[in-house]
Number of protein chains: 2
Amino acid sequence: MTDSPWLDAGQQRVWLAWIRLQLRMTYEINRQLQADSALSMADYDVLAGLSASAAGRLPISALANHLGWERSRVSHHVKRMATRGLVAMAAAETDRRVTEVTLTDHGLGVLRSAAPGHAALVKNLFFGDLPGAELPALADSLERVYAHVLKNGTLPPPPG
Amino acid sequence: MTDSPWLDAGQQRVWLAWIRLQLRMTYEINRQLQADSALSMADYDVLAGLSASAAGRLPISALANHLGWERSRVSHHVKRMATRGLVAMAAAETDRRVTEVTLTDHGLGVLRSAAPGHAALVKNLFFGDLPGAELPALADSLERVYAHVLKNGTLPPPPG
DNA sequence: GAGCTATACATGACATGTCACGCAAAACGA
DNA sequence: TCGTTTTGCGTGACATGTCATGTATAGCTC
């Protein structure tokens, strides 16, 4: 039995591919969003997160949890987005400690105009050469790993 | 070519799992490296990149290309690492424009002490619940996507 | 209801990443 | 050989992310 911390050959192959792909995809997505919609990936994630919520409005903590960010990061970032008119911030009625972040009409408009290009990039760049037959197995593996990370990681799990 | 830019159901499932997993893994790795070795993931990548090269020494451009970073980012980052004694910088003999980054003994020592913990985290967190039988298919898919991204992306491909 | 603790954020200092620009060495062309 | 272009980096200004800490509100205990 090997208590060795090192990865075996099969794991190394997966890990190397994972790291490389992750780096490239992040770069390409950021680049495209910036060029086409003047949004960073972080901006997009916030807008998408808010639009996915019932009222287009979420407390900072809920948003942080949903995105897997630290709260102070959300706080800073959302504040900057507010100066650009993409979101608005207001104290909640029921609990005065809570700051609710709201998607503005402008923010929603920007998101709607950015979404098709973003989706197209993902579809072409990530899925462009991936046979549909491989999708279920890939999703299974990724979901399995994700579940394990949630269970054993240090960050609190998201709502779902 | 499909007309709609939107992802189909199978693609959406993969993409959601991908995004979530990527966020969590980045967070956990950064956290562990910081706590155990006072290194950021970026620091670790630079050290690992240098140690993988023949002489533990690379020009900034080569390092940038290898890591998939922009050159100025490497320039800034390496400069900071130099003040911590992890690497050293010097003009190349043959081409005076080129700055070569060298792994110092201290840097190598830090890398060697950090590597087992890092590998263990990856092994436990990412591969802990992933059956060995799924590895080849997963690697195949990731490598396939990676190759397609390299071919169709905007960033120049790495040496290999 | 008077403290005590916990929660939800905001903030400032600082580390890091990006972008536009500039410089100097090398390569090239007339 | 002299001027032009290309290449490889460094730099400053600024955007972004993290950490430690501060503040106000809510909940809890007696």
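To find a chain, count down the sequence lines: A is the first, B the second, and so on, and within it residues start at 1.
The residues B:E143 and A:R20 are annotated as not salt-bridged, no charged nitrogen and carboxylate oxygen being separated by less than 4.0 angstrom.
In this structure, NE2 of B:H77 is placed 17 Å from C1' of D:dC9, rounded to the nearest angstrom. What separates CD1 of B:I29 from P of D:dT18 is a distance of 15 Å, to the nearest Å. Atom CH2 in B:W69 sits roughly 9 Å away from atom P in C:dT18 (whole-Å rounding). The distance between atom OH of A:Y44 and atom P of D:dT16, rounded to the nearest whole Å, is 18 Å. We find that CG of A:N30 is positioned 11 Å from C1' of C:dG17, with the value rounded to whole Å. When the C1' atom of C:dT18 is taken as reference, atom CZ of A:R31 falls 13 Å away, rounded to whole Å. Atom pair A:D95:CG and C:dT7:C1' shows a separation of 8 Å (rounding to whole Å applied). Computed from coordinates, the B:L86 CG to C:dA15 C1' distance equals 15 Å when rounded to whole Å.
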Could you list, one pair per line, each protein nitrogen or oxygen that sits under 3.5 Å from a nitrogen or oxygen of nucleotides 3-7 of chain D, together with the distance?
{"residue": "D:dT7", "atom": "O2", "partner": "B:R97", "partner atom": "NH1", "Å": "3.0"}

Which pairs, protein N/O on one side and nucleotides 19-23 of chain C N/O on the other, fall under 3.5 Å?
{"residue": "C:dC19", "atom": "OP2", "partner": "B:E70", "partner atom": "OE2", "Å": "3.1"}
{"residue": "C:dC19", "atom": "N4", "partner": "B:S72", "partner atom": "OG", "Å": "3.2"}

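Counting only distance, with no hydrogens or angles, the side chain of B:Q11 and the backbone of B:D8 share a donor-acceptor pair below 3.5 Å. At distances below 3.5 Å, not a single donor-acceptor pair connects side-chain atoms of A:T99 with backbone N or O atoms of A:A91. Of the possible polar contacts, none joining the A:N152 side chain to the B:L125 backbone as a donor-acceptor pair under 3.5 Å is found. The backbone N or O of A:R80 sits less than 3.5 Å from a side-chain atom of A:T83, completing a donor-acceptor pair.
Using a 4.0 Å heavy-atom distance criterion, B:M89 is classed as a sugar-phosphate-only contact. No contact: B:M41 has no heavy atom under 4.0 Å from any strand.
Aromatic ring pairs are classed by plane angle as parallel below 30°, tilted from 30° to 60° and perpendicular above 60°; the pair B:W15 and A:F127 is perpendicular.
Of the two residues contacting DNA chain D, namely B:K79 and A:R80, the nearest-nucleotide position lying further toward the 5' end is that of B:K79. Ranked by how close their nearest DNA chain D nucleotide is to the 5' end, A:E93 and A:D43 are led by A:D43.
Taking side-chain N and O atoms only, B:T99 has no distance below 4.0 Å to OP1 or OP2 of D:dG8.
Among all heavy-atom pairs drawn from A:L58 and A:G49, the shortest one is CD1-O, 4.1 Å.
Atoms CD1 and CG, on A:I29 and A:L39 in that order, are 13.0 Å from each other to the nearest 0.5 Å.
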- Message: Working note: A:W18 + B:F126, criterion ring-ring contact (aromatic ring centres under 6.0 Å, His included); need CA distance, chi angles, decisive distance, verdict.
- Response: CA-CA 11 Å; A:W18 168 269; B:F126 192 100; 5.3 Å; yes

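Here D:dC9 is the nucleotide among C:dG17, D:dC9, C:dA10 with the atom lying nearest to any side-chain atom of B:S61.
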